[in-house]
Structure formats: C-alpha cells, structure tokens
Q: 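Encoded as structure tokens, here's the structure I'll be asking about.
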Amino acid sequence: MVAVTFPDGASRQFEPGVTGFDIAKSISPSLAKRSVAMTLDGALVDLMKPVEKDAKLEFVSRDDPRALELIRHDAAHVLAEAVQELYPGTQVTIGPVIENGFYYDFHRAEPFTLEDLPVIEKKMREIIARDAPIVREEWDRDHAKTWFIAKGETFKGELIDSIKSDEPLSVYKQGHWLDLCRGPHLPSVGKIGNAFKLMKVAGAYWRGDSTKPMLSRIYGTAWTTQEELDAYLHRLEEAERRDHRRLGREMDLFHFQEEGPGAIFWHPKGWTLFQSLVSYMRRKQKAAGYTEVNTPQVLDRALWETSGHWQTYRENMFVTKTEDERVFAIKPMNCPGHVQIFKNGLKSYRDLPVKIAEFGVVHRYEPSGALHGMMRVRAFTQDDAHIFCSEDQIMDEALKINDLILTIYRDFGFDDVVVKLSTRPEKRVGSDDAWDEAEAALSRVLDELAKRGLKTGVQAGEGAFYGPKLEYTLRDAIGREWQCGTTQVDFNLPVRFGAFYIGADSEKKIPVMIHRAMFGSLERFTGILIEHYAGHLPLWLSPLQIVICTITQEADDYAYEVAAAARKLGLNVDVDARNEKITYKVREHSLAKVPVLLVAGKKEAAERTISIRRLGSQQQTQLGIDEALRQLADEATPPDVKGAA
C-alpha cells in the first residue's frame, strides 16, 4: 500500500498505481469533477498519473492559479491541431507557454497572416467543444521517430534526437491528434474553456538559428475566465495608448533612427525632461551624502580582465582596437572606474562609508530583435553609485538605500513596490565563501524589510556575476511590473583590484562594495514615467508646463507679459499667438500633452486675469494673473524641494 497525505494532514492508504483521479473520486465525486491536475510532493502532474509510492498530494481545480499554465499549454496543442486540420501538410514544431499566453511554430510554404487567425480560432473552438480526453502514452524512441517522420514531421524527429536517452519519451493524444510533449496536461480538451484569443503572427527561425528554416509563429493568450481575458485585452489597449514611442512623437520628446540602433535622439523638450530627472536625483544624492564623480567612457581591456567583465560579460561589450594595437572597451558598467577613484589616495576606517555617485553613460550590446524603444537600448545613463564600507556597515547602508529608493518612487507616483533578493548565478566570479557572506548580508536586509511590511521575494540564480542583489520592482498605473532600483553587495571587485583602507588596528582591510542604482536606467525610467502617466506628466516634471494661447491679436502683448512673469517664477512657458482659432490651438497642445493652457483674450487683458484650462478637462477657471501664476509655480515645485522647504 502507499500512504497519501493531503494538505490538511489527513492520510489514506491506496493500492500502488492508483491514479489521482481515482483518489479524488474515492473521496468525493464532486472533487473528481472539479479537479484538473494534482501536485505530488509539490510537483504539478497529470490527474491520471499513477501514484507508486508514499507522497503528499494536493488536488488542483481549474480556477487554481497553478492550472492556468495547463490551460495555456493545452490551448497551444489545440492551436496546432486546428492548423493541421485546416492546412494539411503543415508541420508542427514546438508550442510553449509564455507570459500571458502561448505560441506555436509551424513550418509551411506560405506564412500565416492576421487574416488566417479568425478562421483558426473558430476551428479551435470546434475542437474544444468536442471535449476529447487528453491521454498520455510513453513510446519507444525508435518507434516514435519512425512514426513522426512517416507523417512528414521531420522537426519532431529532430526533437526526439535531442531528448536524453534516459528520459521517458511521452506523447499526448487528444482524439485522433497527438503531439510529442513532456506534459502535464488537463484531463480533457473541453477544460480549456473559451477564454482565449489568437493575437498575432511572426517569423521565427527553427531553434533561433538564422541558418535554419524560417517558421511561422502564431501567438495566443488564454485565461481562466472571460472576465480575465477581457481585462487583459483592455490592458493591452491601454498599453498601446500609453506607448512611450507614440507619445514621444506626439509630445516631440525624442526619436530613434537606424543609424543609431538602441540610442536615443533627444529633442529639446525631451532633454529638458531628462535633465529634470538628473537634477532631482542630484539633489537627493547630495542630501544623502554622495559625492558625484565622472569616469572615462573608454578603458583598456586589461581593466575589464581584472574586473572579470572580459571573461563573463564580453559578448555584451563594444570593443575596438586602435592603430597601436591596444584593445579598448566602451564601458558597460561604471563600477571598475569607481574602484579606481576609491584607490586614489589612502583611506582610513574613519572615512567610511565612502559614497561615490555618477550619471554614467554606458553601452551594452543587445541583439537588434531585443531592442524596444527606451525600455531596451544599447546606450543609456545610470544613476549609479558605489558605497565602500566595512562589513558591519552593510545592513545600515542597505537600509538607507532602501529608504531613499522608496521616497523617490513615491515622489514619482509609485507606491506599490516589491523587493526581491537575486542570488548567485552559474556564471560568476569570486569564491563560494564570499558569495555565502554577501547573500547572508542581503538576506538579513530582506528580512528587515519584510518586518517593515514591504512585499519581498527571492529570485534564485538571478544575481550579477560579481554579487547578489536586491531588486526593486514597481507597479505602474495599469498593473505592469518594472524592475528599476538595485542594491548589490560585492566582496569580489575590491579584492580583484586590490582596494583597501586602514583599519582601527592600523592594518589593511578590504572594503565591501555596495553597488546602487535607483532609477536604474534614466532612459528606461523616462519611458516608464511617460507610460505610467499616459503622457499627462505632473506639472513639476513636464518639460513644457504652460502654453499661453491668445484668442485675438489684441491680447498678444498681454500674453508675452504673462509669459515673462511666469518665467521669472521658474515656469517653462511658451506663447501661441498664431492666427488660428482657439479650438485648433487647444486641440494641438492637448495632443502634445501640455498640462496647462492659459487662454488670453481682449477681456482677460483688460481685467488682468487669465483663463486656466487643464489637460483632459473641458472646464476653465478664471483667476487674477498674480494668483494664477503663484498657484502654478507652487504646483511646479519638485516634491523634494517642497519637502526641504
């Protein structure tokens, strides 16, 4: 007999080989009906999997979040079946689950188009309505390869060759159709439901290799309920409406072009916004005791070999050789340069912590297909800083960084923040002892943050190659998560570069190096802000805060007088005195997301008042010019300046 233990601690005996479905049925027919999978000792498996030994078992219903992956995986199989029913001769390759959905790659002489998707989707719904059972079978490797190749599925034959010889080879059948797959899957096709939609088509090379055949990829999304699907599609619509690339054009902030892939061409208004972020961060860092520095863009290969970048990060670096045969790299990170500054001059324990900050421009190679507006670039500016301290100062400094990061995010409208500890990756430098020490230090910090009520988590294997890190992930206005700030504890680079300070015992001590960024990439953070606010930036951030629109030429002089007074108060203001209708001016500046329009006509000039119209509002308020400008200047004061005042 095998002992099966349930989540409530109860245990029952069953014959070896009993399936999860049979166990559920023996407890309650309703439990068997609503269960779509189970976990055995924590691993998600098919409901029909035999239980051969003592195990902890938990049943998974369709509305359990863990079932969503199965729904999406099965939807990919149904997509493949629908395609092969509609387009005989099409080969199926792989169809994995991805974030928010699934895709399947097909080999077909004629690529799929968007016009094909409604037809395929209709066939998928027909297949789901048949509700065929999904059955797992283990096949002999040679038999499986012969069977798939006889069916013309040469890609499946290649996949079989890549599966380890000691690994069982399984296929899943749904009706007359089957696919090579590890599983797990739902009990039947009907359990998928109808909350799915095919989204787009794309090209993809077989196994990502440009020397291999081009495949036709169909993407889809699937959810537990129609309400979840509708909410997701709404989020996509919102994301498209908020896309920083489109808004960047409408607001005249920046552009991209092929001659500078992954680099931003900043326009005057965009550069004003960028510099507002720099100025804000410069004030915050100065108040927190950081000293600003600047390090070279191009450094000799030898420095990158010492740091370990050459061995672990070379494929991401831009490298050049000069006429005298010296090899240089454009810096992908600022940290080696900051170690050189720390080493320049003798440091004592009394000097610690030493806090060095830089708005450092770095370059990292990203594949062309991975570039995405401001969110994924090759050239960007980091609000980078490094704290050189003793081991007993790590906790205090990491908590100070945490408090600084959270106040910054709140100033920009982000209150929902998660902090995750990323531990050692496979590709790394330094001893395991150093990693143990660094991870233990950050674990203590994470525990303290959890006690303070912050949401926390762990990401195994996601640390930097030189040290573990805390990653700060914020949630934007439509629920998307963005990883921005980091705190990294590094016991390795100071050792590799021979950095030291003189301790209280007059002996040389190796400092701990804490790497810290808060915006992360200023370019990416700018893109996040644009999308978070849908272009409706707060007045203090907006590069053009006010446009004064005249109704008649008789108000032109008054408009320029108001503009001059506004500029004296530090406001960014333009005058639109063109011979155009006021409705045209309002529409044009609203499209450009100007937050405040001041309307001046003959009446306003005579009374020395102004009509105030806010972006997104049809209403206007009228105030005396002095009061209006005073209120606007107060609103345009950065929050950190207000707090200091």
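Position 1 is the first residue of the sequence; numbering continues from there.
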Q: As an exercise, state the distance from CE of M374 to CD of E531, rounded to the nearest 0.5 Å.
A: 10.0 Å
Q: Applying salt bridge (Lys or Arg N to Asp or Glu O under 4.0 Å) to D415 and R410, what does each step give before you reach the verdict?
A: CA-CA 6 Å; D415 295 309; R410 279 196 292 270; 5.3 Å; no
Q: Go through the side-chain N and O atoms of T225 and W223 and say whether any donor and acceptor fall under 3.5 Å apart.
A: no
Q: Hey, is the main chain of C389 close enough, under 3.5 Å, to the side chain of Q393 for a donor-acceptor pair?
A: no
Q: Does a salt bridge link D403 with R452, judged by any charged N lying under 4.0 Å from a carboxylate O?
A: yes
Q: Where do L68 and A222 come nearest, in terms of heavy atoms and distance?
A: CD1-O, 3.7 Å
Q: Compute whether any side-chain donor of one residue and acceptor of the other, for T609 and Q622, lie under 3.5 angstrom apart.
A: yes
Q: Parallel, tilted or perpendicular, judged at 30° and 60°: which one describes the rings of F388 and F342?
A: parallel
Q: In sequence, state the C-alpha distance, the side-chain angles, and the governing distance for S521 and Q382, and then conclude on side chain to side chain donor-acceptor pair (under 3.5 Å).
A: CA-CA 5 Å; S521 157; Q382 289 183 306; over 6 Å; no
Q: Supply the atom-to-atom distance D243 CG to E238 CD, rounded to the nearest 0.5 angstrom.
A: 12.0 Å
Q: Please round to the nearest 0.5 Å and tell me the distance separating atom CZ of F112 and atom OG of S216.
A: 5.5 Å
Q: A cation-pi test, strictly: NZ or CZ of R516 under 6.0 Å from the centre of the six-membered ring of Y290 and no more than 45 degrees from its axis. Yes or no?
A: yes
Q: Do P332 and R378 have side-chain heavy atoms sitting under 4.5 Å apart?
A: no
Q: Does a donor on one side chain and an acceptor on the other come within less than 3.5 Å for K420 and T456?
A: no
Q: Y409 vs F525 aromatic rings, parallel, tilted or perpendicular, using cut-offs 30° and 60°?
A: parallel
Q: List the steps and the verdict of side chain to side chain contact (heavy atoms under 4.5 Å, CB included) for H309 and M333.
A: CA-CA 9 Å; H309 286 82; M333 299 180 189; 3.0 Å; yes
Q: So, using side chain to side chain donor-acceptor pair (under 3.5 Å) as the criterion, who are the partners of E580 when residues are at least two apart?
A: none
Q: Assess, by modelled atom type and distance only, whether the side chains of Q459 and S422 contain a donor and an acceptor separated by less than 3.5 Å.
A: yes
Q: Between H386 and C335, which heavy-atom pair has the shortest distance, and what is it?
A: NE2-CB, 3.2 Å
Q: Is the backbone N or O of P543 less than 3.5 Å from a side-chain atom of N572, with the two atoms forming a donor-acceptor pair by type?
A: yes
Q: Donor-acceptor check, side chain of S307 to backbone of W304, threshold 3.5 angstrom: yes or no?
A: yes
Q: Decide yes or no for E292 and E358: does some side-chain heavy atom of the first lie under 4.5 Å from some side-chain heavy atom of the second?
A: no
Q: What verdict does the side chain to side chain contact (heavy atoms under 4.5 Å, CB included) test give for L253 and H244, after you've listed the backbone C-alpha separation in whole Å, the side-chain angles of each residue and the deciding distance to 0.1 Å?
A: CA-CA 10 Å; L253 301 178; H244 70 279; over 6 Å; no
Q: Check the pair K284 / D640 against salt bridge (Lys or Arg N to Asp or Glu O under 4.0 Å), numbers first and verdict last.
A: CA-CA 8 Å; K284 295 291 285 189; D640 63 302; over 6 Å; no
Q: For residues I528 and R524, determine if any side-chain heavy atom of one lies less than 4.5 Å from a side-chain heavy atom of the other.
A: yes
Q: If you apply the rule salt bridge (Lys or Arg N to Asp or Glu O under 4.0 Å), what do you find for K355 with E397, and how did you get there?
A: CA-CA 10 Å; K355 301 182 180 183; E397 291 304 319; 3.3 Å; yes
Q: Are the side chains of I612 and L598 in touch, meaning some heavy atoms are under 4.5 Å apart?
A: yes
Q: Just by modelled atom types, is the G220 backbone N or O under 3.5 Å from a matching donor or acceptor in the K200 side chain?
A: no
Q: With a 4.5 Å heavy-atom cut-off, do P336 and L303 have their side chains touching?
A: yes
Q: Looking only at the aromatic ring of each residue, does the gap between the centers of Y313 and Y365 stay below 6.0 angstrom?
A: no
Q: Check I514 against T487 and note the closest heavy-atom contact, atom names and distance.
A: CG2-CG2, 3.8 Å
Q: Pick out which of V293, D384, N334, V278 makes a side chain to side chain contact (heavy atoms under 4.5 Å, CB included) with F359.
A: V278
Q: Tell me whether R72 forms a cation-pi arrangement with F102, defined as NZ or CZ under 6.0 Å from the six-membered ring centre and within 45 degrees of its axis.
A: no
Q: Tell me yes or no: between the side chains of Q619 and S617, is some donor less than 3.5 Å from an acceptor?
A: no
Q: Between D416 (side chain only) and R475 (backbone N and O only), is there a donor and an acceptor less than 3.5 Å apart?
A: no
Q: Does the side chain of R364 come within less than 4.5 Å of F380's, by heavy atoms?
A: yes
Q: CG of L537 to CG of L544: how many Å apart, nearest 0.5 Å?
A: 11.5 Å
Q: Hydrogens and angles aside, do N344 and Q340 bring a side-chain donor and acceptor to less than 3.5 Å of each other?
A: no
Q: Sort out for me which residue in V489, V354, V339, I387 forms a side chain to side chain contact (heavy atoms under 4.5 Å, CB included) with M513.
A: V339
Q: Can you tell me how far CZ of R235 sits from CD of E240, rounded to the nearest 0.5 angstrom?
A: 15.0 Å
Q: Under 30°, 30 to 60°, or over 60°: which ring-plane class applies to W540 and Y280, parallel, tilted or perpendicular?
A: tilted
Q: Salt bridge (Lys or Arg N to Asp or Glu O under 4.0 Å), that's the test. Do E627 and R630 meet it? Break it down for me.
A: CA-CA 5 Å; E627 176 64 14; R630 187 192 63 75; 2.8 Å; yes
Q: Given H267 and F254, is the ring pair (Phe, Tyr, Trp, His ring centres under 6.0 Å) satisfied, shown in steps?
A: CA-CA 5 Å; H267 298 188; F254 55 81; 7.6 Å; no
Q: So, taking the atom named CG in L571 and the one named CG in L539, what distance separates them when rounded to the nearest 0.5 Å?
A: 7.0 Å
Q: Do V573 and R567 have side-chain heavy atoms sitting under 4.5 Å apart?
A: yes
Q: Under a 4.5 Å cut-off applied to non-hydrogen side-chain atoms, are H536 and P595 in contact?
A: no
Q: State, without any angle test, whether E635 and Q631 hold a side-chain donor-acceptor pair at a distance under 3.5 Å.
A: no
Q: Given the rule in the side chain to side chain contact (heavy atoms under 4.5 Å, CB included) test, do L541 and L277 qualify, once you have shown the distances and angles that lead to the verdict?
A: CA-CA 8 Å; L541 267 180; L277 295 178; 3.9 Å; yes
